Amino acid sequence: MPIRQLQISGVRNLQPLTITPHSGVNFIYGENGSGKTSILEAIAVMAAGKSFRTSQLKHVMSHDADRMELRMSIEDLHRGECELDSLRLKGGDHLLKQNGSVLTSQAEAAHWLPVQIIEPNTFKLLAGSPEERRQFIDWGVFHVEHGFMDQWKTFRKQLKQRNAVLKQKESEWLSVWNAGFVESALTIDKHRRDYLKRFKPEFERILTALDPDVDVTLAYFPGWDKDSELGDVLTRQQERDLALGYTQSGPHRAELRIKCDKQPAAEILSRGQQKTVVAALKIAQGSLFQQESDRRTIYLVDDLASELDEKHRFALCKLLEDLKCQVFITSIDKDKLTDVWQPVASKVFHVEHGRLTEEA
Ligand SMILES: Nc1ncnc2c1ncn2[C@@H]1O[C@H](COP(=O)(O)OP(=O)(O)O)[C@@H](O)[C@H]1O
Ligand SMILES: [Mg+2]
């Protein structure tokens, strides 16, 4: 499901551009500050409705533009062709369209663009908050289980209602809300659990290929004492939930614990090893997605040379090549990329002061 055509305007320092990327590997090189990351960022914004660099999209829009427009033609083996259009105005208004029809949710666009990002901040997946790892698991579930988004929304609604009851101290209503909360919580939990069961062996395979000397284990924590029923936990914690005004246990507190020698991997591994583990998580996720859906992931790999040394760079590139998916990969130095890896099918782009040109 490669991006066949990509149009970007009003993004950071980039001049309006239209490119026809390769369905295989796209190398993008250029000096610091030329606009490489901004190109990947534009694709990420289309896929997820958010940037991996900033929590506020207004920073992605060019300072001197009044609108940011992204357009992508996507070809999907199973779902056919699709044109996604995203228009954001300076005031914050946003319009998202698929083949000319307005989409009401970002998730619909996301289904067309299963994008995985490997960039300098991704080691936060290990060291950052549990929220990041929950989102990681949920990406995997979301792209395979079509009902997951609605189930997740149902759960969020249940949680909000239960928290409102807790804040109002309406303890007599709690038992009524608990039943629905537990039901939707267990649905989410089951999806995550099933997903991780399938994910683990794939992760182990990829991590061994990337670096056989790094040994980490993945353990899932559902968000409550795993030896107890969630309903019992809620009853036990009711007084404290009432005092705090929110629900302490449930899938909103789930965690993927990534450990090395029984310690959090983020505390033990070197920064370089952490990046390797994160790269393995992301490649395993894309690989499993491809096996289960018979569709392809799109990889955005930013500043590869600064991320990994030559040996690991080569191993990562080989794995990406094996996936036969579309890759956008940036580097300051063209040689740093093409030295270690010369995939058969590729295009090279050069960025200079926000202007992108394709090399012959
Ligand atoms: N909102 C913006 N409008 C215009 N230029 C911006 C904006 N945000 C960042 N820039 C500039 O865009 C340039 C490109 O940044 P970036 O894509 O990170 O470059 P690279 O990844 O090639 O090092 C930087 O020089 C930065 O100063
Ligand atoms: Mg950059």
Side-chain angles (χ1 to χ4, degrees), residues 3 6-19 21-22 25-72 86-94 115-125 128 271-272 274-275 278-279 282 298-309 312-313 316-317 320 326-341 346-359:
I3 298 171
L6 173 61
Q7 276 176 275
I8 300 175
S9 75
V11 171
R12 299 214 188 248
N13 74 329
L14 295 175
Q15 298 293 319
L17 64 86
T18 301
I19 58 165
H22 201 287
V25 180
N26 296 278
F27 292 120
I28 301 169
Y29 76 98
E31 287 179 2
N32 261 329
S34 57
K36 303 178 296 298
T37 304
S38 304
I39 296 168
L40 304 192
E41 197 176 22
I43 301 174
V45 167
M46 184 59 120
K50 60 182 186 184
S51 162
F52 50 84
R53 279 212 276 202
T54 170
S55 57
Q56 288 180 297
L57 277 177
K58 65 176 187 199
H59 297 306
V60 181
M61 195 179 298
S62 303
H63 296 315
D64 54 3
D66 60 1
R67 57 174 57 204
M68 169 165 101
E69 192 159 10
L70 312 170
R71 179 174 293 169
M72 280 171 214
S86 157
L87 173 68
R88 277 173 207 274
L89 301 181
K90 199 147 216 157
D93 287 338
H94 178 213
V115 165
Q116 287 283 341
I117 305 163
I118 299 174
E119 53 94 32
N121 286 316
T122 39
F123 67 88
K124 281 201 305 204
L125 186 55
R271 187 56 65 85
Q274 290 184 39
K275 288 181 174 177
V278 171
K282 301 227 162 183
I298 296 170
Y299 275 88
L300 310 179
V301 185
D302 196 23
D303 213 354
L304 181 70
S306 78
E307 287 298 281
L308 300 168
D309 60 29
H312 290 96
R313 229 158 49 224
L316 180 127
C317 290
L320 288 176
Q326 190 172 41
V327 181
F328 294 83
I329 190 162
T330 74
S331 176
I332 294 176
D333 234 331
K334 186 169 148 190
D335 298 345
K336 279 257 164 47
L337 286 171
T338 48
D339 267 6
V340 293
W341 185 36
S346 63
K347 277 190 181 181
V348 179
F349 296 90
H350 182 216
V351 207
E352 216 172 3
H353 304 300
R355 214 175 283 278
L356 185 83
T357 46
E358 184 179 335
E359 293 199 344

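Source: prediction; values computed, not measured. When a ligand or atom number is given, it counts from 1 through the structure's own listing order.
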Determine whether Phe349 and Ile39 make a side-chain contact, defined as any pair of heavy atoms from C-beta on separated by less than 4.5 Å. no
Quick one, Glu352 and Thr357 - any side-chain contact, counting heavy atoms below 4.5 Å? no
Does the side chain of His94 reach to within under 4.5 Å of the side chain of Ser86, using non-hydrogen atoms? yes
Run through ligand 1 for me and note each protein residue having a heavy atom under 4.0 Å from it, chain first, then residue number. Arg12, Asn13, Glu31, Asn32, Gly33, Ser34, Gly35, Lys36, Thr37, Ser38, Arg53, His59, Met61, Ser62, His63
Do Glu31 and Ile332 have side-chain heavy atoms sitting under 4.5 Å apart? no
At less than 2.8 Å, would any N/O/S atom of Thr37, backbone or side chain, sit next to the Mg ion (ligand 2)? yes
Mark yes when over 12 heavy atoms from residues, nucleotides or ligands other than Arg355 sit less than 6.0 Å from its CZ; otherwise mark no. no
Side chain of Lys50, backbone of Leu57: donor and acceptor closer than 3.5 Å? no
